[in-house]
S.K.: 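To start, I am sharing the structure in question, which I have written as structure tokens.
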Amino acid sequence: MAHHYSTCLALALTTLTAHAQITVTNSVFPVIGDTLYYAFGNQPNAINAVLTPPGGGQVWDLSGLQADSTWQAIYHDPATGMGAADFPGAALMLAPADAMPGQEDYLSVSGTQVSHMGSHGSDPIQLGSSWTVHWNPPIPESWAPVNFFDIQQSSCSSITHFLPDEMPPGWTDQYPTVDSMRVRGMVTTLSTVDAWGTTTIPGGSYAVLRVKRTRYTTNWLDAKVNPIGWIDVTDMAIAQFGMGAVLTTDTNRTFHFINDQSKETIAIVTYYEDVLGNPPPYVLNVQYKVADFATATGSASATADRVRVYPNPATDRIQIQAPCLGHGMVELFVVDALGRQVMHRRGATGADGFPLELDITSLEAGMYGGLINRDTGDPLPFQFVKR
């Protein structure tokens with residue numbers, strides 16, 4: 001009887017261990033020379049079930065995702081970057097997928113944290129300039145060890161100076177006493193490890209912790225006016241030059257499904273959530289780990305069955321068509337990689353299913369997600385890349 005009891009107890013402990021939450025260590029931190037492989041997908045039938053309540057022992061099935069586009073994250077020696085001299089303490093340099101061409105992100109790495117020190121070639125208010133931005137303190141991007149119930153908070157700021165002649169035409173004529181200008185930035189991040197379980201993506205299943213991250217990014221514009229000194233001209237720039245899209249507080253909500261063996265995050269789900277609860281939360285896009293990058297690249301040019309975007313990638317205009325819509329009124333939204341709304345259209349569909357041409361010349365290069373809301377049926381997501 002005792003032997004039978006011991007056997008049952010051993011089996012129970014084995015089962016419990018197999019389904020217990022993992023701990024993610026710094027063994028998954030990137031190092032120079034690492035190449036991480038990702039795909040982006042937004043098929044609605046594959047991503048609607050990931051917005052689950054907190055808790056353990058969950059199963060998130062993303063196996064129905066198809067690659068709309070792919071990306072290689074290559075971690076370089078920071079000494080090889082154009083902005084190396086501005087970030088002497090950096091351990092890594094990365095050109096992010098959603099950045100403007102030529103942007104370099106510099107990262108510091110310790111035994112417990114990977115942090116974003118700043119960027120060379122970035123332009124926080126999209127004036128088309130090439131600036132260097134330093135974050136103080138650096139923005140934490142990942143930490144270790146990571147366990148269920150962990151909470152991480154950070155608040156980081158930056159000040160970037162530039163000359164008034166980089167503002168839109170007419171600024172220096174209206175404000176000749178402005179000596180110089182600056183952008184003040186603030187990034188506030190709250191990360192909570194709110195769930196654990198198993199995530200299945202094309203190519204495999206992984207034990208994961210789910211990190212819920214909410215990030216608020218705010219930019220303000222200041223002008224140095226003689227003899228007064230620095231004054232906040234954010235509202236003025238919004239009213240006179242239409243800079244409300246960049247001089248505002250943007251909220252980016254994501255779920256990061258992380259594994260203790262994979263340097264790639266298994267999946268990063270970007271979703272929209274109205275604080276008033278209307279409409280209910282919905283997924284914008286999913287970035288997920290790719291085991292076979294060559295295969296994913298070969299299928300990435302295929303468009304979704306329900307929404308067609310062409311050309312994709314594009315430089316100035318895209319055509320959007322959704323034959324399955326039928327007749328009726330629809331709304332179209334486009335957001336950038338940070339979840340900021342950059343376009344909104346409303347109109348009636350025709351026999352061809354909402355044929356629409358969008359002018360994207362004003363958008364920065366990078367990845368964009370879109371959503372077509374209709375009176376009946378689920379929202380239809382789509383994606384495109386601006387060169």
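What you see is a predicted model; the values in this text were computed from it and never measured.
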S.K.: Would you say the side-chain atoms of S191 and K212 include a donor-acceptor pair closer than 3.5 Å?
M.R.: no
S.K.: I'd like a table of donor-acceptor pairs (distance under 3.5 Å, sequence neighbours excluded) in which one partner is a side-chain atom from residues 225-238, with atom names and distances.
M.R.:
unit_1, atom_1, unit_2, atom_2, d
D232, OD1, T234, N, 2.8
D232, OD1, T234, OG1, 2.7
D232, OD2, R184, NH2, 3.4
T234, OG1, L221, N, 2.9
T234, OG1, L221, O, 3.4

S.K.: Check the hydrophobic clustering (I, L, V, M, F, W, Y; side-chain heavy atoms under 4.5 Å; chains of links allowed) and say if W220 and W131 are grouped together.
M.R.: no
S.K.: Any side-chain to backbone donor/acceptor pair from D34 onto Y75? Under 3.5 Å, distance only.
M.R.: no
S.K.: Just checking, is any N or O donor in the side chain of S158 or H134 under 3.5 Å from an acceptor N or O on the other one?
M.R.: no
S.K.: Under the rule for side chain to side chain contact (heavy atoms under 4.5 Å, CB included), what residues qualify as partners of T361, not counting sequence neighbours?
M.R.: D316, D359
S.K.: For the residue pair H344 and F333, categorise the inter-ring angle as parallel (less than 30°), tilted (30 to 60°) or perpendicular (more than 60°).
M.R.: parallel
S.K.: Side-chain heavy atoms nearer than 4.5 Å, only ILVMFWY residues, links allowed to pass through others: does that put F149 and V146 together?
M.R.: yes
S.K.: Going by the side chain to side chain contact (heavy atoms under 4.5 Å, CB included) test, name the single residue among L62, T199, T200 that passes it with I266.
M.R.: T199
S.K.: List in chain and number order the residues that pass ring pair (Phe, Tyr, Trp, His ring centres under 6.0 Å) with F241, two or more places apart in sequence or in another chain; answer none if no residue qualifies.
M.R.: W171
S.K.: In chain order, what residues pass the side chain to side chain contact (heavy atoms under 4.5 Å, CB included) check against S155, with sequence neighbours excluded?
M.R.: M186, T188
S.K.: Report the residues that fulfil ring pair (Phe, Tyr, Trp, His ring centres under 6.0 Å) with Y206, sequence neighbours left out, ordered by chain and then residue number.
M.R.: none
S.K.: Go through the side-chain N and O atoms of W60 and T52 and say whether any donor and acceptor fall under 3.5 Å apart.
M.R.: yes
S.K.: Assess whether atom NZ of K263 is packed by more than 12 heavy atoms of other residues, nucleotides or ligands within 6.0 Å.
M.R.: yes
S.K.: Is it the case that one hydrophobic cluster holds both M243 and V342, taking links as side-chain heavy atoms less than 4.5 Å apart, direct or via other members?
M.R.: no
S.K.: N285 side chain to G369 main-chain N or O, any donor-acceptor pair under 3.5 Å?
M.R.: no
S.K.: Is there a donor-acceptor pair closer than 3.5 Å between any side-chain N or O of Q103 and the backbone N or O of D123?
M.R.: no
S.K.: With the 4.5 Å side-chain cut-off for hydrophobic clustering, are Y106 and V133 part of the same group?
M.R.: no
S.K.: So does D222 pair up with R182, basic N to acidic O under 4.0 Å?
M.R.: yes
S.K.: Output a table of donor-acceptor pairs, distance under 3.5 Å, between side-chain atoms of residues 85-95 and any protein atom two or more places apart or on a different chain; print 'none' if there are none.
M.R.:
none

S.K.: Any heavy-atom pair between the side chains of V286 and I268 that's under 4.5 Å?
M.R.: no
